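Data block below; observations after.
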Amino acid sequence: MKLLKLKKKDVSSGKKGVSFTLELDCDLKPEDVKWLTMDSNVAIVKNGVVTTIGPGATRIVALYGDQRAECIVRCTFK
């Protein structure tokens, strides 16, 4: 079975509307993984591409089978 792992576990952004990709550190493709955000007022995610929405911090969760990997996204703008 492929192991789910993200290259980064903590990311910060100082601007609203910025998009960046959370890279997987495994043989999986971003579209093979289910992506969730814990607070869509802070950031949204689709196929590993995170877009900053509002100030605060949230967790982006990647799910594959029974595996889970997380990255904290901190939006430092006001």
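In this chain, numbering begins with 1 at the start of the sequence shown. All values reported here derive from a predicted model rather than from experimental measurement.
Nearest heavy-atom pair across Val61 and Leu63 is CG1-CD2, 3.8 Å. For Gly54 against Cys75, the heavy-atom pair with the smallest separation is O-CB, 3.2 Å. Of all heavy-atom pairs between Val33 and Ala62, the closest is CG1-CB, 3.5 Å.
Taking CG from Leu36 and OG1 from Thr58, the interatomic distance works out to 10.0 Å, rounded to the nearest 0.5 Å. Distance check: Arg68 CZ to Arg59 CZ gives 6.0 Å after rounding to the nearest 0.5 Å. Atoms CE and CD, on Met38 and Glu70 in that order, are 7.0 Å from each other to the nearest 0.5 Å. In this structure, Leu22 CG and Ile60 CD1 are separated by 6.5 Å, a value rounded to the nearest 0.5 Å. In this structure, CD1 on Ile53 lies 7.5 Å from NZ on Lys16, to the nearest 0.5 angstrom.
Without hydrogens or angle criteria, Thr76 side chain to Ser13 main chain gives a donor-acceptor distance under 3.5 Å. At least one donor-acceptor pair closer than 3.5 Å links the side chain of Trp35 to the backbone N or O of Pro30. In this structure a side-chain-to-backbone donor-acceptor pair under 3.5 Å is present from Thr52 to Lys15. Formation of a donor-acceptor pair under 3.5 Å by the Thr21 side chain with backbone atoms of Glu23 is not found in this model. Thr37 places a side-chain N or O within 3.5 Å of a backbone atom of Ala43 that can act as its donor or acceptor partner.
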request  = Evaluate side chain to side chain contact (heavy atoms under 4.5 Å, CB included) for Leu28 paired with Tyr64, printing each intermediate quantity in order.
outcome  = CA-CA 9 Å; Leu28 295 167; Tyr64 180 75; 3.5 Å; yes

query = Going through the distances and angles, do Leu24 and Leu4 end up as a side chain to side chain contact (heavy atoms under 4.5 Å, CB included)?
reply = CA-CA 7 Å; Leu24 295 166; Leu4 178 62; 3.8 Å; yes

task = List the steps, then state whether side chain to side chain contact (heavy atoms under 4.5 Å, CB included) holds for Val11 with Arg74.
result = CA-CA 6 Å; Val11 178; Arg74 302 172 198 275; over 6 Å; no

ask   = Taking it one step at a time, do Val73 and Phe20 satisfy side chain to side chain contact (heavy atoms under 4.5 Å, CB included)?
value = CA-CA 11 Å; Val73 175; Phe20 56 89; 4.2 Å; yes

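Thr51 and Ser19 are linked by a side-chain donor-acceptor pair at a separation below 3.5 angstrom, with hydrogens and angles left out of the test.
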